> 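Structure in structure tokens, see below.
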Amino acid sequence: MGIIVQKFGGTSVANAAGLRRAARLISAAHSTGSGVVAVVSAQGDSTDRLLQKAAEISPDPCKRELDALLASGEQASMALLAIAAEAQGCSAVSLSGPAAGIITDGHFGEAEITEIDTARIRKELAAGRAVVVAGFQGAAPSGDVATLGRGGSDTSAVALAAALGADICKIYTDVDGVYTADPRRDPTAAKLDSISYDEMLAMAKSGAQVLHPRAVELAKKHRVRVEVLSSFTDAPGTVLTE
Ligand code: ADP
Ligand code: ASP
Ligand code: MG
């Protein structure tokens, strides 16, 4: 069975309409007979709002607790997206990062994925379910949930695509691809049909938010086919190439 990984960013699942749109994309891929693994971010600006809540209480919150707090954003999204998929008749199950077998080091707030045990995901796929995984998180050696740094859901998606040997990792976002510059700031920016891993890595490292740098590094290392595209339109996106 071919496997497709889809990733939905915060803006793409900000409200019920976005969740339904993402669920339709999951359902469409599922109905082709592919194994579908959807990685989801926290809704809209909810990560910022959770950080703000902690800041109101303490100037220096414990990193472990901050991760427990932030991970809840993606966990709410994963359940909502699985509910949205089921509501469209697509059999789906949600898994937190730890439940999905994503293992990290112990650097709370900026953890790196060290290993992925894909057994649970494969079991769910074999049972015919689309699997919705909470992005941005995994299990630290202590067993506690740890987060991967801001924007880290991209990295969850690419790491899962590599571990599962997925045919493609589709990064659905709020722009229809990678541009020569941030299209929200520079109206002359042009959309690229493709971009090399190295050029994308340089762009990501210099602050282009569209892909997390670690995600690009992993894609390059494991030769993961990545496409960046919009969850709002049907326009073809940007493909990462050698
Ligand atoms: P998501 O929530 O889907 O992860 P992000 O906000 O993290 O989305 O990344 C998408 C944003 O990245 C776009 O809205 C855009 O403003 C910004 N961006 C910065 N540089 C670029 C670029 N070169 N090409 C496309 N988008 C870019
Ligand atoms: N929700 C997290 C953040 O805002 C992770 C992500 O969206 O990729 O940084
Ligand atoms: Mg992002």
Side-chain angles (χ1 to χ4, degrees), residues 5-15 18-19 21-22 25 38-54 66-78 80-81 96-97 102 104 108-111 113 133-138 145-160 169-196 199-216 218 226-233 235-240:
V5 174
Q6 302 173 321
K7 181 257 171 176
F8 299 98
T11 316
S12 298
V13 293
N15 50 32
L19 286 162
R21 221 168 23 241
L25 291 163
V39 175
V40 69
S41 291
Q43 291 186 282
D45 63 356
S46 62
T47 303
D48 290 328
R49 282 194 278 113
L50 290 171
L51 280 171
Q52 181 58 35
K53 279 179 197 261
L66 212 46
D67 272 10
L69 177 68
L70 293 188
S72 73
E74 270 68 13
Q75 288 167 11
S77 284
M78 80 189 189
L80 289 168
L81 189 49
S96 69
I102 299 174
T104 70
F108 292 111
E110 49 185 337
I113 296 172
V133 179
F136 179 56
Q137 59 182 262
V145 70
T147 70
L148 309 180
R150 299 305 304 268
S153 295
D154 297 332
T155 300
S156 306
V158 174
L160 280 169
C169 179
K170 292 191 170 209
I171 306 282
Y172 286 100
T173 183
D174 57 2
V175 286
D176 58 6
V178 179
Y179 283 67
T180 49
D182 186 342
R184 295 189 195 285
R185 291 174 187 217
D186 182 351
T188 68
K191 184 173 137 189
L192 303 165
D193 294 331
S194 66
I195 183 169
S196 72
E199 284 172 307
M200 187 64 238
L201 187 57
M203 234 191 219
K205 280 186 171 166
S206 69
Q209 229 189 311
V210 65
L211 278 180
H212 194 237
R214 185 82 189 123
V216 186
L218 281 180
V226 175
E227 183 179 1
V228 177
L229 69 175
S230 170
S231 69
F232 297 84
T233 70
T238 302
V239 179
L240 268 57

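Predicted model only: the values in this text are computed from it and were never measured. Starting from 1, each residue takes its place in the sequence as its number. Both ligands and their constituent atoms are indexed starting at 1 by order of listing.
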> List ligand 2 atoms under 4.0 Å from R150, heavy atoms only on the residue side.
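Close to R150: 3 (C), 4 (O), 9 (O).
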> Which heavy atom of the protein is the closest neighbour of atom 7 (O) of ligand 2, given with residue, atom name and distance?
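For this ligand atom, the closest protein heavy atom is S41 OG, 3.2 Å.
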> Has ligand 2 got any nitrogen or oxygen that is less than 3.5 angstrom from a nitrogen or oxygen of K7?
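Between K7 and ligand 2 (N or O atoms, distance only) the closest approach is not under 3.5 Å.
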> Where do K7 and A157 come nearest, in terms of heavy atoms and distance?
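Between these two residues, the closest heavy atoms are CB-CB, 3.6 Å.
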> Report the part of E74 (side chain from C-beta onward, or backbone N, CA, C, O) that has a heavy atom under 4.0 Å from ligand 2; answer both or neither where that applies.
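Just the side chain.
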> Do you know the tightest heavy-atom contact between S156 and L148?
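Shortest heavy-atom separation between S156 and L148 comes out as OG-CD1, 3.4 Å.
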> Check whether any side-chain heavy atom of K205 lies under 4.5 Å from a side-chain heavy atom of L201, and answer yes or no.
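Contact flag for K205/L201 side chains = yes.
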> Can you tell me if G9 contacts ligand 2 (heavy atom of the residue under 4.0 Å from the ligand)?
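So G9 does not count as touching ligand 2.
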> How close do V226 and I171 get, heavy atom to heavy atom, and via which atoms?
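V226 and I171 have their closest heavy atoms at CG1-CG1, 3.9 Å.
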> Tell me the closest heavy-atom pair linking D176 and S230, and the distance in Å.
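Scanning both residues, the minimum pair turns out to be CA-CB, 3.7 Å.
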> What does the 4.0 Å heavy-atom contact list look like for ligand 1?
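Its neighbours under 4.0 Å (heavy atoms only) are K7, G9, G10, T173, D174, V175, G177, V178, Y179, A181, D182, P183, R184, M203, A208, Q209, V210, given by chain and number.
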> Using side-chain hydrogen bond (donor to acceptor under 3.5 Å, both in side chains) as the criterion, list what pairs up with N15, not counting sequence neighbours.
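N15: no side-chain hydrogen bond (donor to acceptor under 3.5 Å, both in side chains) contacts found.
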> Is it true that G152 lies under 4.0 Å from ligand 2, counting heavy atoms only?
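Right, G152 reaches ligand 2.
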> Output yes when the distance from some N or O of ligand 2 to some N or O of G149 is under 3.5 Å, and no in every other case.
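No - when backbone and side-chain N and O of G149 are compared with those of ligand 2, no distance drops under 3.5 Å.
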> Which protein non-hydrogen atom lies closest to atom 6 (C) of ligand 2, naming both residue and atom, and how far is it?
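Nearest neighbour among protein heavy atoms for atom 6 (C) of ligand 2, to 0.1 Å: S153 OG, 3.4 Å.
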> Sequence neighbours left out, what passes side-chain hydrogen bond (donor to acceptor under 3.5 Å, both in side chains) with E199? Give chain and number order.
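Testing E199 for side-chain hydrogen bond (donor to acceptor under 3.5 Å, both in side chains), a comparison that skips the adjacent residues, returns S196.
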> Who pairs with S206 by side chain to side chain contact (heavy atoms under 4.5 Å, CB included), at least two apart in sequence or on another chain?
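For S206 there are no side chain to side chain contact (heavy atoms under 4.5 Å, CB included) partners, ignoring immediate neighbours.
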> Check for a donor-acceptor pair, side chain of E74 on one end and backbone N or O of A42 on the other, with a separation under 3.5 Å.
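Checked: pair present.
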> Which heavy-atom pair separates F232 from T11 by the least distance, and what is that distance?
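Heavy atoms only, the tightest pair is CZ-O, 3.7 Å.
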